[in-house]
*Asks:* 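Got a structure for you, questions after.
These values consider heavy atoms only, across backbone and side chains, with no hydrogens, waters or symmetry-generated copies. Numbering of ligands and ligand atoms starts at 1, following listing order.
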Amino acid sequence: MQKSLLILTGHTQGIGKAILDHYLKKEDIQILAISRSKLDIESENLTQISLDLGDLMILESQLAGLFPHDHFEKIILINNAGWIGEVKPIGELGPAELRKQINVNLLAPMYLTNAFIKAYKTTSAQKIICNISSGAASKPVSGWGGYCSTKAALAMFTLVAAKENKSQEFKFYSLAPGVVDTKMQEELRSVTEADFPDLEKFKKYQEEGLLASTELVARKTAYVLENPNLFTEVIQDVRNVQLA
Ligand SMILES: NC(=O)c1ccc[n+]([C@@H]2O[C@H](COP(=O)([O-])OP(=O)(O)OC[C@H]3O[C@@H](n4cnc5c(N)ncnc54)[C@H](OP(=O)(O)O)[C@@H]3O)[C@@H](O)[C@H]2O)c1
């Protein structure tokens with residue numbers, strides 16, 4: 001059986017962990033997972049790499065050796081790792097936190113997308129790059145200056161990559177997962193209303209059971225990646241995906 005390859009960032013919790021669990025159930029996919037920490041999972045299909053995507057020097061030094069070159073049927077990169085960052089109004093943001101946020105949310109996925117295209121451009125495998133976006137990429141939210149900006153920039157980078165690589169073998173997505181029950185939402189609910197005027201709205205999402213489960217988001221993400229002929233646009237929102 002010819003295997004596929006999944007390269008996934010941010011696999012240790014939240015949406016990324018659910019995506020990992022989804023693909024670990026399949027036998028025909030080799031998974032390369034990158035986060036700062038590692039999970040206590042033994043699987044011959046899983047290789048975990050401990051890497052801080054906020055440290056671009058280290059990422060850069062490891063890029064060349066990161067992409068396996070076996071004969072894969074399909075190769076998928078999911079840039080999922082992300083950080084909400086400091087939730088504060090512009091004018092009160094710390095430069096170090098901004099730099100880290102731009103590294104994790106924008107530059108690391110840009111580096112990985114660029115290196116992925118370089119590594120696999122000439123292989124005949126079907127290639128899919130899915131950059132996890134957010135509704136915040138197209139909507140300003142007070143307190144999320146760094147987050148909205150990094151997600152918007154990554155969406156544009158994905159659109160440019162798609163325009164440059166129109167061959168049948170390449171597919172690009174900028175995929176917004178909706179509002180999902182993860183640590184990121186927990187972090188958001190712990191900030192002050194002065195820093196985040198929409199705080200009550202986000203608390204209500206949880207109280208009223210409106211947060212999507214990570215499992216459903218993972219299933220819908222996989223459905224998009226497994227049916228690229230049904231999802232022709234680069235910009236996608238998980239909330240619009242109807243499972244068959
Ligand atoms: N949750 C939502 O409602 C929501 C809404 C829209 C978009 N999103 C997007 O969905 C993606 C996943 O979010 P989530 O809510 O699942 O987040 P999460 O629960 O906070 O998980 C983040 C994941 O990214 C990894 N990560 C964070 N910083 C990293 C770093 N410096 N280097 C390497 N890995 C790092 C974490 O692993 P380690 O700690 O082990 O490094 C973890 O596995 C993000 O891109 C987020 O912006 C989420």
Side-chain angles (χ1 to χ4, degrees), residues 7-22 31-41 46 48-60 62 66 77-87 96-113 129-139 141 144 146-155 157-158 173-190 196 198 201-206 209-218 220-221 235-239:
I7 302 165
L8 169 68
T9 69
H11 71 292
T12 55
Q13 62 181 38
I15 296 167
K17 172 68 168 55
I19 292 173
L20 176 73
D21 290 342
H22 179 93
I31 304 167
L32 189 67
I34 304 169
S35 291
R36 284 167 301 188
S37 54
K38 286 187 181 177
L39 295 172
D40 194 9
I41 296 178
L46 175 65
Q48 300 186 66
I49 297 178
S50 180
L51 201 64
D52 183 350
L53 295 171
D55 188 336
L56 296 176
M57 298 273 272
I58 295 185
L59 176 62
E60 207 177 331
Q62 298 207 5
L66 215 51
L77 168 64
I78 305 181
N79 278 308
N80 164 74
W83 183 41
I84 190 68
E86 246 193 329
V87 180
E97 286 78 6
L98 260 184
R99 189 164 54 242
K100 178 181 160 190
Q101 183 175 42
I102 291 168
N103 288 353
V104 175
N105 290 5
L106 178 60
L107 286 172
M110 284 171 79
Y111 279 31
L112 286 165
T113 300
I129 296 182
C130 177
N131 289 327
I132 298 297
S133 186
S134 165
S138 53
K139 183 170 164 252
V141 180
W144 294 8
Y147 188 70
C148 292
S149 310
T150 51
K151 291 295 185 183
L154 184 60
F157 189 72
T158 314
Y173 292 115
S174 171
L175 180 73
V179 191
V180 193
D181 194 5
T182 69
K183 280 253 173 65
M184 184 178 279
Q185 288 293 326
E186 251 177 72
E187 264 182 59
L188 272 175
R189 291 192 298 269
S190 71
F196 181 37
D198 284 346
K201 187 167 93 182
F202 277 76
K203 281 187 172 169
K204 275 207 174 126
Y205 286 149
Q206 190 208 21
L210 297 176
L211 296 174
S213 76
T214 54
E215 292 74 20
L216 183 62
V217 170
K220 287 187 170 186
T221 301
I235 305 290
Q236 296 285 342
D237 191 318
V238 157
R239 285 169 290 195

*Asks:* Heavy atoms under 4.0 Å from ligand 1: which residues qualify?
*Replies:* Gly10, His11, Thr12, Gln13, Gly14, Ile15, Ser35, Arg36, Ser37, Leu51, Asp52, Leu53, Gly54, Asn80, Ala81, Gly82, Val104, Ile132, Ser133, Ser134, Tyr147, Lys151, Pro177, Gly178, Val179, Val180, Thr182, Lys183, Met184, Gln185

*Asks:* Do Ser174 side-chain atoms and Ser133 backbone N/O form a donor-acceptor pair below 3.5 Å?
*Replies:* no

*Asks:* Does Asn80 use its side chain to pair, donor to acceptor, with the backbone of Thr9 at less than 3.5 Å?
*Replies:* yes

*Asks:* Looking at every non-hydrogen atom in both residues, tell me the closest pair between Arg189 and Lys203 and how far apart they are.
*Replies:* O-CE, 3.8 Å

*Asks:* Looking at Leu106, is its backbone amide N or carbonyl O close enough to the side chain of Thr150 to form a donor-acceptor pair, meaning the two atoms are under 3.5 Å apart?
*Replies:* no

*Asks:* What closest approach, in Å, do Asn131 and Asn79 show between heavy atoms, and which atom pair accounts for it?
*Replies:* OD1-ND2, 2.8 Å

*Asks:* Can you tell me if Glu215 uses its side chain to pair, donor with acceptor, with the backbone of Ala18 under 3.5 Å?
*Replies:* no

